[in-house]
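First up is the structure itself, then whatever we jot down about it.
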Amino acid sequence: MRKIELHWQILIALVLSVVFGYFFTEHVRHVAWLGDLFLRALRMIIAPLIFSSIVSGVVGLGSAENLGRMSAKTFGYYLVTSLIAAVIGLTVVNIFKPGVGADLGLTESGVALEAGAGTFGETLMNIIPTNIIQALAETDMLSIIFFAILFGFFATRVGPKYRDPIEKGFNAIFEVMMRITMFIIRFAPLGIFGIVSGIVAEQVDDLVGIFSRMGVYMLAVILALLFHSFVILPLMMKYLGNINPIKHLKAMSVPLLTAFTTSSSSATLPLAMEAVEQNSGVSKKVTSFVLPLGATVNMNGTALYECVSVLFIAQAYGIELSLIQQSIVVLTALLASIGAAGIPMAGLVVITIILSVLGLPLEGVGLILAVERILDMFRTSVNVWSDTCGAVIIAKSEGETLKV
Ligand code: ASP
């Protein structure tokens with residue numbers, strides 16, 4: 001009962017925040033703290049939550065064989081779905097050709113884009129932390145995941161005298177973290193009100209102008225995202241796991257709405273874990289392996305968005321890309337989406353990497369800035385949706401009985 005109520009509360013908060021942001025633009029700063037508080041609370045729990053969940057999940061897997069099988073399935077799912085998403089993006093942008101005749105006068109230069117822009121190689125290297133405490137302090141997700149898997153795995157290698165207290169201890173910490181998560185989720189409507197009214201107020205001046213200039217590009221991105229989310233992923237759920245996609249979608253309403261408003265897969269992770277476990281009935285073992293990894297590695301929406309945007313920029317500059325170059329776009333978009341962090345605008349930053357790989361003008365990024373915030377909301381929801389679909393499919397393949 002509470003779940004349905006919360007879901008409606010969030011929707012009502014969304015509608016109210018749009019109205020408030022639009023009509024009371026000056027007063028938005030008085031409610032912005034609600035959003036900040038909510039995001040701070042979510043960030044607070046991410047590191048302890050993923051660390052404890054992965055350790056207890058991996059210890060629960062018990063053997064190297066189980067861990068290997070689970071990793072193979074998880075990475076297989078990430079790669080296949082990201083690749084499909086990227087190809088859908090490419091196809092749609094070739095059909096719509098939104099960049100042809102686009103207004104290049106829009107170009108803004110001097111955008112600060114260094115943050116988070118690491119090459120794929122650097123990202124790989126940084127997975128191994130030089131200092132795990134620092135990694136935890138900075139919520140460096142991939143490093144935390146790496147160390148937690150290592151720790152959990154070797155905890156199964158020591159005798160029961162040591163393994164048992166570790167297992168019990170981390171299970172206990174995880175349960176407490178989940179309770180804190182549920183507590184924070186109750187404040188989601190207030191947090192979302194604070195965040196969304198801020199976004200609306202920021203964009204309100206130029207809303208009509210943005211839509212008329214960038215309409216076709218936005219439409220191409222959103223249509224491609226919808227196709228991936230509501231056709232490809234449901235088909236995979238149905239045929240790979242005999243899962244009811246509509247039931248699963250309903251079960252995911254709170255994390256999806258949160259992903260939409262926060263534009264951050266990482267911030268949404270605690271909510272996604274809670275919903276996948278409680279509403280869809282996936283075991284802790286699978287949830288704690290698939291979701292934390294997925295939040296940083298599996299970004300279907302981002303891969304798709306990058307393909308559409310890079311091609312859009314090329315079209316706007318009148319540059320024809322050959323089939324081989326377009327395949328390079330798909331491949332780099334795939335790798336870049338793996339490297340991108342689950343934070344707002346990470347996808348925009350990695351676009352510059354693809355542009356430089358292809359020798360396209362970097363200022364092209366200026367073309368898509370105006371609608372970046374809005375499209376980030378859509379692609380982040382798809383990123384999170386795909387993670388949760390992966391969790392139910394993998395749980396089913398492990399023989400679990402689910403609620404969806
Ligand atoms: N905001 C996205 C996420 O957190 C990443 C991106 O910018 O594409 O999933």
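No hydrogens, no waters, no symmetry mates; every other heavy atom, side chains included, goes into these values. Just follow the structure's listing: the first ligand is 1, and inside any ligand the first atom is 1.
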So Phe187 and Phe183, would you call those rings parallel, tilted or perpendicular, with 30° and 60° as cut-offs? perpendicular
Kindly confirm or rule out an N or O of Ser266 lying under 3.5 angstrom from an N or O of ligand 1. no
Closer than 4.0 Å to some heavy atom of Thr380 - which atoms of ligand 1 meet that? 1 (N), 2 (C), 3 (C), 4 (O), 9 (O)
Between Phe174 and Phe51, does the ring centre distance come in under 6.0 Å? no
Are His248 and Trp385 an aromatic pair, judged by ring center distance below 6.0 Å? yes
Can you confirm whether more than 12 heavy atoms, excluding those of Lys403, are under 6.0 Å from its NZ atom? yes
Any Ala340 heavy atom less than 4.0 Å to ligand 1: no
CZ of Phe153: more than 12 outside heavy atoms within 6.0 angstrom? yes
Near Gly347, which atoms of ligand 1 are under 4.0 Å from a heavy atom of that residue? 6 (C), 7 (O), 8 (O)
Which of the atoms of ligand 1 are close to Ser265, meaning less than 4.0 Å from one of its heavy atoms? 3 (C), 4 (O), 9 (O)
With Phe147 via ring-ring contact (aromatic ring centres under 6.0 Å, His included) - residues at least two apart: none
May I ask you to check whether Ala341 has an N/O atom sitting below 3.5 Å from an N/O atom of ligand 1? no
Leu348-ligand 1 polar pair, N/O distance under 3.5 Å: no
Which atoms of ligand 1 sit under 4.0 Å from any heavy atom of Ser263? 1 (N), 4 (O)
Test of proximity, Ile343 against ligand 1: N or O pairs below 3.5 Å: yes
Which atoms of ligand 1 are found less than 4.0 Å from any heavy atom of Asp376? 1 (N), 2 (C), 6 (C), 7 (O)
Which of the atoms of ligand 1 are close to Met345, meaning less than 4.0 Å from one of its heavy atoms? 7 (O)
Does the side chain of Tyr305 come under 3.5 Å of the side chain of Ser337 through a donor N or O and an acceptor N or O? no
Side chains of Glu274 and Asn279: is there a donor and an acceptor less than 3.5 Å apart? no
Give the numbers and elements of all ligand 1 atoms closer than 4.0 Å to a heavy atom of Ser264. 4 (O)
Heavy-atom contacts with Arg379 under 4.0 Å: which atoms of ligand 1 show up? List them by number with element. 6 (C), 7 (O), 8 (O)
Does a sphere of radius 6.0 Å around NZ in Lys285 hold more than 12 heavy atoms from other residues, nucleotides or ligands, not counting ones at 6.0 Å or beyond? no
